[in-house]
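Whatever order the structure lists ligands and atoms in, that order sets their numbers, starting from 1. If you're wondering where the values come from, they're calculated on a predicted model, not measured in any experiment.
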Amino acid sequence: MSKEVIVVRGNSTLTGEVRIAGAKNSALKLMAATLLGQGPSTLHNVPVISDIEIMSEVLTTLGASVERDGHDLFIDTAAVDRCVTPYELVSKMRASISVLGPLIGRFGAARVAMPGGCQIGARKIDMHLVGLEMLGVKFDVDHGVLIASTPNGLNGAHVVLEFPSVGATENMLMAAVAAKGHTVIENAAREPEIVDLCDMLNSMGCKISGAGASSIEIEGVELDDLHPCEHTTVGDRIEAGTFLAGGALTGGPLTVVGIDPSFLKMSLLKFEAMGCKIEAQADRITISRDHPLSPTDIQTLPHPGFPTDLQAQFMLLAALADGISVITENVFENRFMFAAELMRMGADITLEEHHAIIRGVKRLQGAPVSSTDLRAGAALVLAGIVAEGYTTVYEIGHIDRGYEDYVGKLSSLGADLERRSL
Ligand code: UD1
């Protein structure tokens, strides 16, 4: 496939209604969880994005069959007889390591390539390993491959996570459901995607309580008592927040449909603090603004704090606000690469370790810029929509990882942009 860019003509506004896809960060883990059901499961509301294709390959490599019909995914894990995930897949997508927990739950063993570093920090997996070790898993590393075994079986335990890591909580959950006895995960991640995963696991026969709180309890069940299921993925709060940022940027009104507003409480408060009006109903949120953007201070934190995955989009808003904002990144150690790209478009940003001091400017200028990660890429396209002149966004493979038909959805809201082959 030839390399593509997104070319954006500036000075546009975004208004109207857009349907939000299922959450990428949920669907990937729900797919991994089907391994525990040992049969044909159906997942609805699965986004059409490249990360889902990679997870499909991961499952196929293990021996599953995966078929898609629109937003429905049919995964049959009955024939899975391997527990090996190769480096080619883990290096393409770090979330491939989500199969570690369910493979251990199903086979008591797994061989998963170690993920390397990634552009938004070291992103270690030490907490995944410490937690699983407490359940009785033994880890060895052989030429870059993590080899998990359970010489004395998998046994429930009381685990306190050092940090409420999303991935560690999920891997722990998917192993503990098949352990002997009771497990408590303290300081667990509280993201809506964790709740979605627990809902699906419970519908497969698992016994989990407390999802969404910082202490989750799991009563282990026999693997053979688990069964396949049919489950609908929750809406993607980050995609919704990205489009809302677009509405905040150009004034709206812009409505996102297919999202539970309670997933975005802190972000909605920050939109309001920046001078936007928010109207929320059961599955939709409308944003509008008729005053200049006000500056605000933001610090990213685990849910229900402000999400790191909306940090770039809010940095863009702050870059055009009437005053000085400070954004503090607490979740990932190196997630300000976006700032350098935005500065190429005329933003005034000073970086001090994990703080960004953003002095609002009157306007941005279109420029060639590069997506440094998924969320930064999406925010750069939004920047192009309000900037003067043309913006060309490179490295858009990052955007395709997590946003279904981003260009089509933005066009339907009034943006003037297109994908072009290089
Ligand atoms: C998930 C999301 C990602 C989001 C992040 C935080 C998926 C596929 N990705 O990533 O979009 O930005 O949650 O909301 O769901 N850490 C360690 N050791 C560990 C585990 C994590 O040091 O064993 C560190 C990480 O390097 C990072 C921080 O903890 O700095 C948060 O990581 P974590 O919550 O695990 O995020 P992910 O599950 O990787």
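Comparing N25, L301, T300 by heavy-atom distance to atom 2 (C) of ligand 1, the nearest is N25. The option from Q311, R375, M127, E170 that lies nearest to atom 17 (C) of ligand 1, judged by heavy atoms, is M127. Comparing I194, T308, L129 against atom 6 (C) of ligand 1, the shortest heavy-atom distance belongs to T308. Of the listed options D126, I238, N330, D126 places a heavy atom closest to atom 18 (N) of ligand 1.
Side-chain atoms of Y406 come within 3.5 Å of backbone atoms of A378 as a donor-acceptor pair (strictly under, hydrogens ignored). Checking side-chain atoms of S98 against main-chain N and O of A95 turns up a donor-acceptor pair under 3.5 Å. A donor-acceptor pair under 3.5 Å is formed between the side chain of R82 and the backbone N or O of T61.
For N171 and H128, the side-chain atoms include at least one donor-acceptor pair closer than 3.5 Å. For the residue pair T286/T255, the side-chain donor-acceptor check at 3.5 Å is satisfied. There is no side-chain donor-acceptor pair under 3.5 Å between N45 and T233.
With a 4.0 Å cut-off on non-hydrogen atoms, S165 touches ligand 1 through its backbone as well as its side chain.
By the neighbour-count criterion of 12 heavy atoms within 6.0 Å, atom CD of E418 is densely surrounded, having more than that number from other residues, nucleotides or ligands.
Heavy-atom distances between K29 and ligand 1 reach below 4.0 Å in at least one pair.
At under 3.5 Å, not a single nitrogen or oxygen of P164, backbone or side chain, sits near a nitrogen or oxygen of ligand 1. Between A168 and ligand 1, no N or O atom pair is found at a separation short of 3.5 Å. Residue A95 places no N or O, backbone or side chain, under 3.5 Å from any N or O of ligand 1.
Atoms of ligand 1 lying under 4.0 Å from any heavy atom of G167, numbered from 1 in the order shown and given with element: 35 (O), 38 (O). Using a 4.0 Å cut-off to heavy atoms of F163, the atoms of ligand 1 that qualify are 28 (C), 29 (O), 31 (C). The V331 neighbourhood of ligand 1 comprises atoms 27 (C), 28 (C), 30 (O), 31 (C), with distances under 4.0 Å to a heavy atom of that residue. Near D309, the atoms of ligand 1 lying under 4.0 angstrom from a non-hydrogen atom of the residue are 3 (C), 4 (C), 11 (O), 12 (O). For ligand 1, the atoms sitting less than 4.0 Å from at least one non-hydrogen atom of R94 are 39 (O), numbered in the order shown with element in parentheses.
Partner of I287 under the side-chain contact (heavy atoms from CB on, under 4.5 Å) criterion, chosen from I278, L249, V256: I278.
With respect to the salt-bridge test (charged N to carboxylate O, under 4.0 angstrom), the residues D309 and R335 qualify.
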